[in-house]
Each structure stands twice: as structure tokens, then as C-alpha cells.
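Computed over heavy atoms, backbone and side chain alike; hydrogens, waters and symmetry mates excluded.
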Amino acid sequence: MDNKAPDNGEFSFASNTPRSTGRKGLPKIQTQDHNKKANDVCHDDSGTPVKAKTIDELHSLQRKKSAPTTPIKGAQGAFNAISEEERQKQQLQSISTSLASLMRETGPKLVKGDPARKGEGQQIAHHHHYTPTISASDSSLKFTHYLHNLSPAELYEQAIKSEKGSFIASSGALATLSGAKTGRSPRDKRVVRDETTEDDLWWGKGSPNIEMDEHTFMVNRERAVDYLNSLDKVFINDQFLNWDPEHRIKVRIVSARAYHSLFMHNMCIRPTPEELENFGTPDFTIYNAGQFPCNRYTHYMTSSTSIDINLARKEMVILGTQYAGEMKKGLFGVMHYLMPKRQILSLHSGCNMGKDGDVALFFGLSGTGKTTLSTDHNRYLIGDDEHCWSENGVSNIEGGCYAKCIDLSREKEPDIWNAIKFGTVLENVVFDEHTREVDYMDSSVTENTRAAYPIEYIPNAKIPCVGPHPKNIILLACDAFGVLPPVSKLSLAQTMYHFISGYTALVAGTEDGIKEPQATFSACFGAAFIMMHPTRYAAMLSEKMQKHGATGWLVNTGWSGGSYGSGKRIKLAYTRRIIDAIHSGSLLNASYKKTEVFGLEIPTEIEGVPSEILDPVNTWTDKNAYKDTQLKLAGLFKNNFAELDTLPRGLTTLTSLEILEIIECPSLASLPKEIPEGMSSLRSLSIENCHSLTLPQPLSAYLLCIVHIWLLCEMACNISLHLKIAIISSLCRKVSNFSVHSNSGPELEKRCEMSKGADWQRIYHTPHIYVGSSASQQRRDTASSSSTS
């Protein structure tokens, strides 16, 4: 065998000869380079020395600068482009304005960059001057470093280095803690009540908007700004809300933690470098000083936590909570105010789109399957939580997803599981201290473990996240009472009713073993986030559904064959077949029958779903128990509507509204005063079971354009006979078909009797009139049919 060393210029094991044998008989390793001269004693294989004289210089060479490349809009040619220095100056001044205290003479001294890397291209901002003038403080003598739109990798470094409790999980995600608060604090949320919001926002009983005054907001704002300026560094995120570029909102988030900055990087829409260069002044700003408490002795404060929104100033202040979800949902509330002002409907819903462009909206409270059903591998995901519906179609408000992680598994939620990777924020999860593998079953910190990741991490996400007008509006309810059908086709009025109700039922597992379903109602399926009255959003939804021909559906993902404990949960496979039939359009052509009590239209047959479960009464062995439970749930719906004590102001802005139904609102005391002047499009007003309602005289001013009025039950007792005649006479000048149902009965009938009644001359020219109670209507119908036969 030839023992000649290979001619590879590297190394080889020498032949097993006495000269080439090392210790213990092992062959020596010989290195050789046949390009070297024979008399070379030593060879250095290193390359050219680095161009650095110090370790700091070497580190600076490691990081390549990323410079903006696009001039500001309006610049003509390369010679007119604003210099990089001028761009930096404008950015510094904008951020300095955001961080300026309104009670100091000057704004903060800002330096761009990490204070741990002194001298690396840092730049000092020019000061801004404000009044009143107050003597200088220690905070005005220091510099505040700001870190602007850092990348996920940079934010990882900041979190690991500076924030206790931040670790890199085995999946690559950043695992961190939100402190003492592991969920939202709705009782600590405040909105400034002023002339801007007095008439537009929903105040009072049932409203999520707890008021505060301008002065208290400014106290908390100063507290937050002073705290942020006292830090060595703050994080600045300049990002967008709403994927529709025509209705996009610019937001700036100022925060103290890298965790918060990365969270909002994921949840808001990330600007391109070109968009960031031209960002300018934000439309809304968040000051997140959550590590610092509010002063609980301040007026309106009830704890050390406060989340304050000032719509006039376009600002939000967070004190006393580090839970990142406060920023996400705070901005959602702001969109619930800004978008309807532009006649755009903001929605708490999931949204997906088929390959043919058919869009579906999914509404549902926690546990109804909204995320599961809107995430469909056969359809594109537009978004999982927050959307807008404008004249252009639907658009996602956010740039990411905020998914629950408790009990997460690859088998149950593969898309969410695979999205938890580098760049994702894992909130309050528990992991192995050595392997860093997350135990999603462990709720030691909280049940509300979460993952925040960019929507691009979902494989079938549609980018940009926009779509055409929806074809189907799917309202999800997990009915633990077991009396709602698996699917119902809804009329427009029923869609509005169930949308305003926002119903689901949860199972209460108490310590003493009671397991009774608990009905939960959340107006518009997101009462905690809406700013205006629920009927405002419902009216806009009704208008858009009518205009674009969308169909409403009620889908029960809860129990069948009995309530929780005796019945069984409807199989997810059946629910998916139902949703598929809605998407395909086949369910529109099915045969239907109507249920009792709720009056729901239910299909008699759906492919892949047992026909016997489509009508819930078939699945109950005890029919009497079914009927009693159905009446019980109906009563809960009725009691929920009893909370409605006023209609929203600003109804006149709904210039296309034709149908207004006010049903089962015993606490309703008045109608909006604007109706006479503005609602010229209204053609139908239905008022039923509103016995507290007192209508002002002359009522005819409210009803000049209305064709049908139903004055039923107790409400009729509050209206005088004379006023009823006035209603009829004023209406008959405008319409050709008119009916009034009331329980006042015979006297009103007599006065309007054909040719004989005292008021006949005032209404005789109308082709069809009926005035009377429902009972007398039935008698007339019976008599008419008998005479015909």
C-alpha cells in the first residue's frame, strides 16, 4: 500500500515507520504545503490583520450601519433630498416634543443610542420651550437616551441585559414577566370627559368608560413623563394601525422596557424604512410608565394603577401596571372612537377569506372558538382579533396576534405552536431552568399566559391584511344551557339583537361543587373596549350588511342534549362542517324551520352533520326540562336588555339608517332629541315592551317619515289617547300604509272607525289603516277569513 501523504496542503497521518511514530506507537500528524519552500521553518496561515487598534474599534466594525435611502416625499431629485443629519435632527425634535413636560421651561435632553455604548453616533436633541417657566430641576440637567424602533434582535439584547425575568426559551422566543399584573385592569381605566367626548361617548350604567377630568389626566401625564425622563434610556416605537393605507393611524409608544417595545413591534404594523423616514408627527401617543405607580390620593384614582385616555390630546398614560395587553386594548378602544367618526365600523372579530375572495367575520367571546374557527388552512387569515369595515372593504387593525398559551399543544394549535420562535414574546410562562423548554400546562404564574408574534408567522396569513366586503357575519356562542341550535340563519333584526347582546355561557366551577351555567353578555362582543353606545356600532353593522348583502349566522359551539353536566359538547368536526357550508353558500339554499321562543331559523339538513342535532329539542330526553331551560335563557336575554336606559346621542350621523328597533328595554326613559332634525332616512321604528319610555309632545315631530309604529304592551299606557290620534293624523299625511298596535284598544278604535269616528276625516285618505290591539287584530282576521269562505 502506498503510504505517500495526500497532496492536499493540509494535514495527514504519517506512515507507520519508526521515524513517524509518536508516543505509545500512535502515528504523528504532519502538516505540509507543497507551495512552501523547503527551507521554511514556520508558516502563518492567518489573513490580513484587522483594521482596528482597540477592541472597541473591532466591535464597531462588527456592526454595519443601516442608513435611510429614500428622500422625504416632495423632494425633487437627489440634490434636493434632505441630508441624514437633517433627518436625525427632525426625529430628535419630534421625540423631544413627545417627552416634554408641560410644566418645565425646556424639553428633555435626548441622546439617540444605548447609554452603554457611549460615543457611537449619539446625537443631542435641540430643546423645546414651553410655558409657564419654572426653575430648573435635576431632571433637566441629565441626558435621556432613546432607542428608536429597535429590531427584535436588539430588543432581545436589551431585555436579557437589563430586565430581570427575561430569558430566551428553547424555541427562540423571549420569555418574560409582566410583574404583579398578569391581566387588564378594567376598573382602573379612565377616559377624560370633556366637550369633545360628552356627546359622542357612552357614559353611565353599563358603560366601560369611567370618567376623569382634564386636570387629573395632566397630573398623571406629568408623573409618567417625569418618570420616563428620569431613566437612563427609553424605547420609542413609531408604528401604524389599520392595514388600509387610506385610513391608517400613526402611533408612537414611549416605554421603559424592551419587553414592551418588542410586544408593540409585533402587535402594531411595522413601517418600512422608507415609511419610517417620513413618519413625522404621530396621530396618537402612549406613555407607558407602568413600573411607576400613580398617586392613589389623586382625584378619581382608586388604586396605584391607572390607564388614562385623553381623546382631545390624543394621548394615553399607563401607570402602575406592566401588563402589555393594556397598550394593545387601549389602542383598540381609541380605534373604536376614531373610526366611527369616519363612518368606518370597528369590530372585535376574527376575519378570513376564501380563495374566491369571500370574506367572513367571526364574533365571539372567550371560549367560543373564534380563533380556532377563523384559522382555517383552506382560507387566508386576514386577522384574529381587531378589524375595520370601511367603504374599501375589511382591514386588520393590527400587525400581529396575541394568542393564549395555557394548555397549548402542537396537536391542538399547530399554527400558534409554530409561530412561537425567535421574535415572539412569551408572557408569564413557566419553563425548565436548564433546557428552557416551556411547560404550557403550568399556570404557576397565571392562567393568562400569552404569546405575541407578527402575523407573518402564520403560514396562510394574507399580506397586506385587507379583503373585500364580507359575505357572512358569524356570531359564535358557547351555550352551556344547551338550548341554542348548532346553527341558525338570522334576519337583519336578529343579527343586530344578538350582536348587541354578545352572549355566551360559561361553567362556574365553585369550591362547593356547584356547576351551573353562567350567562355572560358583552355588547358587540367587546363591551370592555367600545367607546360609543352599542347601538351605534349595531346600526353601522346593519347598514353595511344591507348595502353589501351580508348574511348573519348564529353558531352554537357549546352543549347539546342537555345543559353542562348532562349534555355533551357539540363536536368540533360538526361545527367545522357547518362553517364550511356557510363559506360555500350551500347553507343559504337549505330548507329551514323556525324554533319556539327565540324564533330562530334552523336548517333541516347539512352534509356531514347528523340531522337530529340541528334542532336541539330532538337531543333532549326530557322535553319539559328543555322548554324550561329555553325560557330561562330567554329571560336572561331580556334582563340583559333591561340595562339599556338611554339611546345614544349622535344617531343623526347615520344618514342611511332605515330601520330602528327598540325592543324589551324596560329601563329606557327617552329617545334622542336629534331624531326630528336628522333621521330623514328612517322608514321603520319598532318600540316594544319599553314601559318606562315617556315620549314628548308633539310626538309627530319624531315620526314624519315612519311607515310602521308598534306601540305594544305597557308602553301604550304612557301615551294619551289624544296624542295617539295626533300620531296617526301626522303620519297619514306622509304614508300610504299605516298600522298601530296598542293595548288601549276600543276607544281608539272607535274614534278611528270608518265614516263614523271623530278622527276619520283626518286619516280617511290613507289606503290601509288598522288601529287596535293584537287581540282585536286576530278577531278581525278570523272574521275576514270566515266571511271569505
Worksheet entry | Any Thr281 side-chain heavy atom under 4.5 Å of Thr97 side chain | no
Practice prompt. Please check if the distance between the ring centroids of Phe362 and Phe525 is under 6.0 Å.
Written response: no
Discussion item. Using modelled atom types and a 3.5 Å cut-off, is there a donor and acceptor pairing between side-chain atoms of Ser522 and backbone atoms of Ala527?
Written reply: yes
Response to the item:
Taken in chain and number order and not counting sequence neighbours, the residues that satisfy salt bridge (Lys or Arg N to Asp or Glu O under 4.0 Å) with Lys370 are Asp385
Worksheet entry | Check: Ile416 and Tyr453 side chains under 4.5 Å, non-hydrogen atoms | yes
Item to complete: Using the six-membered ring wherever Trp is involved, compare the ring planes of His336 and Phe332 and label them parallel, tilted or perpendicular (cut-offs 30° and 60°).
Response: tilted
Worksheet item: Which value, rounded to the nearest 0.5 Å, describes the distance between Cys388 atom SG and Asp244 atom CG?
Response: 8.0 Å
Discussion item. Assess the residue pair Leu426 and Cys405 against the criterion (side-chain contact (heavy atoms from CB on, under 4.5 Å)); give the C-alpha distance rounded to whole Å, side-chain angles, the decisive distance to 0.1 Å, and a yes or no.
Written reply: CA-CA 9 Å; Leu426 279 174; Cys405 289; 4.1 Å; yes
Discussion item. Can a donor-acceptor pair be found, under 3.5 Å and without considering hydrogens, that links the side chain of Arg270 to the backbone of Gly399?
Written reply: yes
Worksheet item: Taking atom types as modelled, is there a side-chain donor on Glu447 or Thr182 under 3.5 Å from an acceptor on the other?
Response: no
Worksheet item: Quick one: does Ser261's side chain get under 4.5 Å of Ile253's, heavy atoms only?
Response: no
Item to complete: State which residues pass salt bridge (Lys or Arg N to Asp or Glu O under 4.0 Å) with Arg252; sequence neighbours excluded, sorted by chain then number.
Response: Asp238
Worksheet item: Does Thr449 use its side chain to pair, donor to acceptor, with the backbone of Ile406 at less than 3.5 Å?
Response: yes
Practice prompt. With side-chain hydrogen bond (donor to acceptor under 3.5 Å, both in side chains) as the test, would you mind laying out the steps for Ser395 and Asn242 before giving the verdict?
Written response: CA-CA 6 Å; Ser395 56; Asn242 197 349; 2.6 Å; yes
Worksheet item: Taking the side chain from Asn266 and the backbone from Thr424, do they hold a donor-acceptor pair closer than 3.5 Å?
Response: no
Fill in: ring-ring contact (aromatic ring centres under 6.0 Å, His included) contacts touching residues 420-444 (sequence neighbours left out)
Tyr156-Phe422, Phe167-Phe431, Trp417-Tyr440
Fill in: Verdict with supporting geometry, Ile463 and Trp243, side-chain contact (heavy atoms from CB on, under 4.5 Å)
CA-CA 9 Å; Ile463 308 295; Trp243 282 83; 4.2 Å; yes
Discussion item. Donor-acceptor pair, distance only, cut-off 3.5 Å: does the side chain of Asn209 make one with the backbone of Trp202?
Written reply: yes
Worksheet, complete the sentence: In terms of heavy-atom contacts, Thr368 and Leu365 come closest through OG1-O, 2.7 Å
Discussion item. Determine whether a donor-acceptor pair (N or O, by modelled atom type, separation under 3.5 Å) exists between the side chain of Gln239 and the backbone of His265.
Written reply: yes
Fill in: Check: Asp479/Tyr503 side-chain N/O donor and acceptor closer than 3.5 Å
yes
Worksheet item: Any ion pair linking Glu386 and Lys329 (charged N to carboxylate O, less than 4.0 Å)?
Response: yes
Discussion item. side-chain hydrogen bond (donor to acceptor under 3.5 Å, both in side chains) for His260 and Asn237? Distances and angles first, verdict last.
Written reply: CA-CA 10 Å; His260 290 151; Asn237 289 46; over 6 Å; no
Only pairs under 3.5 Å count here: list side-chain donor-acceptor contacts from residues 290-300, not counting sequence neighbours, and write none if there are none.
from, atom 1, to, atom 2, distance (Å)
Gln291, OE1, Tyr227, OH, 3.4
Asn295, OD1, Tyr297, N, 2.9
Thr298, OG1, Asn295, O, 3.0

Worksheet item: Any donor and acceptor pair, going by atom type alone, linking the side chain of Tyr537 with main-chain N or O of Met532 inside 3.5 Å?
Response: yes
Item to complete: Flag the pair Asn460 / Asp376 as yes when at least one side-chain heavy-atom distance between them is below 4.5 Å, and no otherwise.
Response: no
Worksheet entry | Stepwise side-chain contact (heavy atoms from CB on, under 4.5 Å) check, Lys161 with Gln158 | CA-CA 5 Å; Lys161 186 167 55 179; Gln158 293 291 332; 4.2 Å; yes
Worksheet item: Can you check whether Thr216 reaches Ser306 side chain to side chain, under 4.5 Å on heavy atoms?
Response: no
Fill in: Results of side chain to side chain contact (heavy atoms under 4.5 Å, CB included) for Tyr380 - residues two or more places apart only
Met353, Lys355, Lys462
Discussion item. Working note: Thr176 + Arg257, criterion side-chain hydrogen bond (donor to acceptor under 3.5 Å, both in side chains); need CA distance, chi angles, decisive distance, verdict.
Written reply: CA-CA 11 Å; Thr176 189; Arg257 292 191 62 181; 3.3 Å; yes
Worksheet entry | Between Thr446 and Asn448: side-chain donor-acceptor atoms closer than 3.5 Å | no
Practice prompt. For Ser303 and Asp188, work out which heavy atoms get closest and say how close.
Written response: OG-OD1, 3.0 Å
Item to complete: Take Lys404 and Thr371 through the side-chain hydrogen bond (donor to acceptor under 3.5 Å, both in side chains) test and state the conclusion after the steps.
Response: CA-CA 10 Å; Lys404 290 182 179 179; Thr371 301; over 6 Å; no
Practice prompt. For the residue pair Glu326 and Asn288, confirm or rule out a side-chain donor-acceptor distance under 3.5 Å.
Written response: no
Worksheet item: At their closest point, which heavy atom of Val334 faces which heavy atom of Phe284, and how far apart are they?
Response: CG2-CZ, 3.5 Å
Item to complete: Please report the closest heavy-atom contact between Ala324 and Glu427, naming both atoms and the distance.
Response: CB-OE2, 3.4 Å
Item to complete: Taking all non-hydrogen atoms of both residues into account, name the closest pair between Met316 and Gly330 and its distance.
Response: CE-CA, 3.7 Å
Worksheet item: Are any of the side-chain heavy atoms of Phe363 and Cys524 separated by less than 4.5 Å?
Response: no
Worksheet item: Among all residues two or more places apart in sequence or in another chain, which pass the salt bridge (Lys or Arg N to Asp or Glu O under 4.0 Å) test with Glu398?
Response: Lys328
Worksheet item: Just by distance, do the side chain of Arg187 and the backbone of Ser185 share a donor-acceptor pair under 3.5 Å?
Response: no
Worksheet item: Which heavy-atom pair separates Asn396 from Ile455 by the least distance, and what is that distance?
Response: ND2-CD1, 3.6 Å
Practice prompt. For the residue pair Phe263 and Arg450, establish whether any side-chain heavy-atom pair is separated by less than 4.5 Å.
Written response: no
Worksheet item: Does atom NZ of Lys250 have more than 12 heavy-atom neighbours, drawn from other residues, nucleotides or ligands, at distances under 6.0 Å?
Response: yes
Item to complete: Keeping the roles fixed (side chain from Thr144, backbone from Asn229), state whether a donor-acceptor pair exists under 3.5 Å.
Response: yes
Practice prompt. Would you check if the side chain of Asp283 reaches a backbone N or O of Ile249 as a donor-acceptor pair within less than 3.5 Å?
Written response: no
Practice prompt. Flag the pair Arg223 and Asp308 as a salt bridge only when some basic side-chain nitrogen lies within less than 4.0 angstrom of an acidic carboxylate oxygen.
Written response: no
Discussion item. I'd like to know whether Lys189 forms a side-chain contact (heavy atoms from CB on, under 4.5 Å) with Ile210, so could you lay out the CA-CA distance, the side-chain angles of the two residues, the decisive distance to 0.1 Å, and finally the verdict.
Written reply: CA-CA 7 Å; Lys189 176 186 168 187; Ile210 305 172; 5.9 Å; no
